[in-house]
2 protein chains.
Amino acid sequence: MPRPSAAEPPAGDAGPSVPPALPTTERGRRMRARLLAAAREVFERDGFLTARVTDISAAAGVAHGSFYTYFGSKTAVFRALVAETMDDLYASMATHGEAGPPDGSPAGLAVHRIDQANRRFVAMYRQNTALMALFEQVTTFDPEVRALRRAARERNVGRVRHSIEQLQRDGVVAADLDAEYAAHALVAMVNGAVHYWLVLDGDFEEERLVATLTRLWAQALGLPSRG
Amino acid sequence: MPRPSAAEPPAGDAGPSVPPALPTTERGRRMRARLLAAAREVFERDGFLTARVTDISAAAGVAHGSFYTYFGSKTAVFRALVAETMDDLYASMATHGEAGPPDGSPAGLAVHRIDQANRRFVAMYRQNTALMALFEQVTTFDPEVRALRRAARERNVGRVRHSIEQLQRDGVVAADLDAEYAAHALVAMVNGAVHYWLVLDGDFEEERLVATLTRLWAQALGLPSRG
DNA sequence: GTTGACATTGACGTCGATGTCAACTTAGCT
DNA sequence: AGCTAAGTTGACATCGACGTCAATGTCAAC
């Protein structure tokens with residue numbers, strides 16, 4: 001309840017009255033893409049708050065004014081950037097055709113899948129740390145980005161909950177565990193640990209971290225892990 | 001590695017060359033306290049970025065200029081606020097003399113203590129949600145606050161690691177579990193879940209959340225939980 | 001009650017990022 | 001080539017938050 005209502009940094013760059021339409025010409029589309037790439041570069045280098053529209057224009061090699069042909073504000077580019085990138089990140093986390101699990105038991109298979117998912121998540125986070133940090137930064141004051149973040153989290157949680165429910169139907173996980181809440185907690189665990197490692201610069205060794213996360217996850221669900 | 005180096009919001013309010021000394025007179029101390037209280041009020045209402053020094057002065061009922069007698073910048077008040085408040089938060093989490101656990105076994109006792117600690121943490125977070133959100137916001141761009149946040153986290157993790165090591169000595173928890181990594185993961189789980197609930201406004205019911213967190217925590221460590 | 005150190009006041013100058021716009025360029029079309 | 005719509009340019013005006021400071025006020029000590 002007592003959460004800062006937190007509008008935008010200065011005030012009222014919530015978007016221009018006329019959000020620039022997507023470009024119709026080929027040149028326009030290229031320009032927009034260049035600006036987006038430049039924005040990502042500058043944001044990752046300077047952080048969202050310090051970054052200036054001028055820097056983005058400069059990085060894209062265009063005049064200051066051209067920026068406003070495509071985006072209404074710094075916040076607007078960022079939102080576009082997030083929207084464009086989110087899909088890529090999710091794609092990179094999609095289930096790859098992995099080598100089969102060593103152990104054929106339902107529980108062993110489940111643990112193997114959890115491990116694979118955790119490894120993919122950690123790798124994705126490591127390769128996009130700056131972006132994740134930016135995402136978090138803007139989340140703290142932009143409601144729209146906050147909504148995107150929540151949606152992403154909910155998708156993750158949904159997948160995990162589904163997998164837990166499956167294991168409950170198989171009788172491997174206790175039926176009286178709240179799958180929704182448990183999924184939230186486990187996702188928070190992995191998210192939070194990796195965030196601390198990469199964004200807050202904690203002292204971790206990747207392999208050991210993933211192994212511990214998988215082990216805790218499995219045991220939390222009552223799956224046999226290790227001997 | 002690719003983390004936004006993220007200086008301050010505009011630029012260079014990293015602190016004035018001459019950080020105002022603490023007041024010597026009684027009046028000065030009262031004034032400083034009033035400004036701090038006003039700062040907290042305004043920050044919680046508007047968020048750190050939107051808040052203006054003028055607003056803080058106004059809320060404290062003093063002239064704009066008086067602010068600078070006590071603090072060098074908006075960031076400076078915030079740091080002072082965090083420093084002052086952190087102790088209170090930690091105090092509120094200290095072990096209270098609780099009623100004895102229902103079950104005398106070492107594991108049952110451990111689970112009970114975990115549950116108590118989780119309840120205290122959640123209650124503290126709920127009562128200081130706005131502050132925690134602020135803390136997170138500023139962490140994303142101020143290195144000094146980031147350091148404070150890390151320190152707080154490390155203290156938490158240290159306590160948990162210690163308790164895990166104790167359980168390992170008692171033979172209740174597997175000795176080959178990395179206590180440090182596990183402590184980080186478990187702290188991240190509770191932190192992250194509560195953050196999602198209160199700051200990102202997730203849909204949770206407190207009792208069920210705490211119960212699930214404790215249960216997962218206990219099971220993750222291999223402690224018997226529930227029947 | 002006079003003195004002097006300390007604190008308060010609020011009007012003012014400064015500064016830098018933003019967003020605009022009129023002039024100019026590009027490119028597609030006939 | 002000539003026309004038009006779309007895009008580009010960069011100098012400029014705007015705006016708001018910040019931090020300063022000279023004048024004024026407060027208070028304790030002597």
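Residue numbers start from 1 in every chain, and the chains themselves are labelled A, B, ... in the order their sequence lines are given, proteins ahead of strands.
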- How about A:F141 and A:F48: are their ring centroids closer than 6.0 Å?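 Ring centroids of A:F141 and A:F48 are less than 6.0 Å from each other.
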Mind calculating the distance between [atom1] ([X]) and [atom2] ([N]) to the nearest angstrom?
| X | N | atom1 | atom2 | result |
| --- | --- | --- | --- | --- |
| B:R30 | C:dC6 | CZ | P | 18 Å |
| B:L49 | D:dG16 | CG | P | 18 Å |
| A:I56 | C:dG19 | CD1 | C1' | 14 Å |
| B:F71 | C:dA7 | CZ | C1' | 15 Å |
| B:D55 | D:dG16 | CG | C1' | 12 Å |
| B:R52 | D:dG19 | CZ | P | 14 Å |

- Query: Parallel under 30°, tilted from 30 to 60°, perpendicular over 60°: which one fits the rings of B:F43 and B:F78?
  - Reply: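 It falls in the perpendicular class, over 60°.
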- Task: Over 60° means perpendicular and under 30° means parallel, so classify the ring planes of B:F121 and B:Y125, tilted if in between.
- Result: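 Correct class here is perpendicular.
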- Message: Tell me which one of B:K74, B:R149, B:R79 satisfies salt bridge (charged side-chain N to carboxylate O under 4.0 Å, His left out) with B:D142.
- Response: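 Of B:K74, B:R149, B:R79, salt bridge (charged side-chain N to carboxylate O under 4.0 Å, His left out) with B:D142 is met by B:R79 alone.
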- Complementary nucleotide for D:dA29 - Watson-Crick or wobble, under 3.5 Å: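 Matched D:dA29 with C:dT2 under the 3.5 Å cut-off.
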- Counting only Watson-Crick or G-U wobble pairs whose two distances fall under 3.5 Å, which nucleotide matches D:dA17?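 The answer is C:dT14, by the H-bond criterion.
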Pick out the pairs of N or O atoms, protein on one side and nucleotides 7-10 of chain D on the other, that lie under 3.5 Å.
| from | atom 1 | to | atom 2 | distance (Å) |
| --- | --- | --- | --- | --- |
| D:dG7 | O4' | A:R27 | NH2 | 3.0 |
| D:dT8 | OP2 | A:Y70 | OH | 2.9 |
| D:dT9 | OP2 | A:A63 | N | 2.9 |
| D:dT9 | OP2 | A:S66 | OG | 3.0 |

- Report yes or no: does B:T212 contribute a side-chain atom to a donor-acceptor pair with the main-chain N or O of B:R208 at less than 3.5 Å?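 Judged by distance alone, yes, a pair lies under 3.5 Å.
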- Sub-3.5 Å donor-acceptor pair from the side chain of B:Y181 to the main-chain atoms of A:E205, do we have one?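 Looks like yes, one N/O pair under 3.5 Å.
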